[in-house]
Amino acid sequence: MDLHERQQFDFLLHTAVERFVARVEERHRGAETALALWNEDSNQAILRDFVDAIFDDFLLTSVDGACFILRSLKSKPCAEAPAEDETIETYLIRLAKSHFSELLGKKSHEALQQHSSYQSI
């Protein structure tokens, strides 16, 4: 991956984390409450919907967009197989969203922990 592509991916991830954390904190009225409720199913649904919106906003819902994400995350193991009648395009987009969602969730959890510790000072 070229340096400029890495910078674009880092910008995308940073922007996504910032927006998602702001949304979750607003929804749960603060970082501490959001962190306490992090593993609820409703937050996972919000994360899925948010990733769908980010992919649409950044024009990543295509084979090229999915490959950009997957090239950025190329060292992650892949345990997901394509469905029987799934096209390559659909599979790549689903795979990219899944891996990006996992990374976004981890980074957002870290950000919520930081925000929560800052609020308690």
Task: ILVMFWY network linking Val63 to Leu70, side-chain heavy atoms under 4.5 angstrom - done: yes

Task: Path from Leu95 to Leu103 over hydrophobic side-chain contacts below 4.5 Å - done: no

Task: Side chain proximity check, Leu12 to Phe100, heavy atoms < 4.5 angstrom - done: yes

Open item on the list: Return the CG to OG1 distance between Asp57 and Thr15, rounded to the nearest 0.5 Å.
Closed with: 11.0 Å

Open item on the list: Measuring only between side-chain heavy atoms, which start at C-beta, is Arg19 closer than 4.5 Å to Phe50?
Closed with: yes

Open item on the list: For a quick test of reading the model, state the closest non-hydrogen atom pair linking Ser116 to Ala31 and the distance between them.
Closed with: N-CB, 3.7 Å

Open item on the list: Show, in sequence, the C-alpha distance, side-chain angles and deciding distance for Val21 and His115, and conclude whether the side chain to side chain contact (heavy atoms under 4.5 Å, CB included) test is met.
Closed with: CA-CA 9 Å; Val21 168; His115 291 185; 3.7 Å; yes

Open item on the list: I'd like to know if Glu102 pairs up with Lys106 as an ion pair, taking the criterion as any Lys NZ or Arg NE/NH1/NH2 lying under 4.0 Å from an Asp or Glu carboxylate oxygen.
Closed with: yes

Task: Partner residues of Phe68 under the ring-ring contact (aromatic ring centres under 6.0 Å, His included) criterion, sequence neighbours left out - done: none

Open item on the list: Under a 3.5 Å distance rule, please check whether Ser108 uses its side chain to pair with a backbone N or O of Leu104 as donor and acceptor.
Closed with: yes

Task: Contact summary for Ile46 and Arg23, nearest pair of heavy atoms - done: CG2-CD, 4.3 Å

Open item on the list: I need the Glu25 CD to Phe20 CZ distance, nearest 0.5 Å.
Closed with: 11.0 Å

Task: Closest non-hydrogen atom pair, Ala111 against Val17 - done: CB-CG1, 4.2 Å

- [ ] Kindly give the heavy-atom pair with the smallest separation between Cys78 and Tyr91, and that separation in Å.
- [x] SG-OH, 4.0 Å

Task: Distance, nearest 0.5 Å, that separates CG of Leu35 from CG of Leu112 - done: 6.0 Å

Open item on the list: Taking the basic N atoms (NZ, or NE/NH1/NH2) and the acidic carboxylate oxygens, is any pair closer than 4.0 Å for Asp10 and Arg6?
Closed with: yes

- [ ] Starting at CD1 of Ile93, measure out to CZ of Phe55 and round the result to the nearest 0.5 Å.
- [x] 8.5 Å

Open item on the list: Is it the case that the side chains of Glu80 and Ser98 hold a donor-acceptor pair, with the cut-off being a distance below 3.5 Å and no angle test?
Closed with: yes

Task: Minimum heavy-atom distance Arg94-Ala83, with the two atoms named - done: NH2-N, 4.1 Å

Open item on the list: Checking Thr87 against Thr90: is there a side-chain donor and acceptor pair closer than 3.5 Å?
Closed with: yes

TODO: Nearest 0.5 Å please: distance from the CD atom of Gln8 over to the CG atom of Asp2.
DONE: 9.5 Å

Open item on the list: Please say yes or no: joined through hydrophobic side-chain contacts below 4.5 Å, possibly via intermediate residues, are Phe58 and Leu92 part of one cluster?
Closed with: no

Task: Shortest non-hydrogen contact from Val24 toward Ala34 - done: CG1-CB, 3.5 Å

Open item on the list: So, taking the atom named CD in Glu5 and the one named CZ in Arg71, what distance separates them when rounded to the nearest 0.5 Å?
Closed with: 4.5 Å

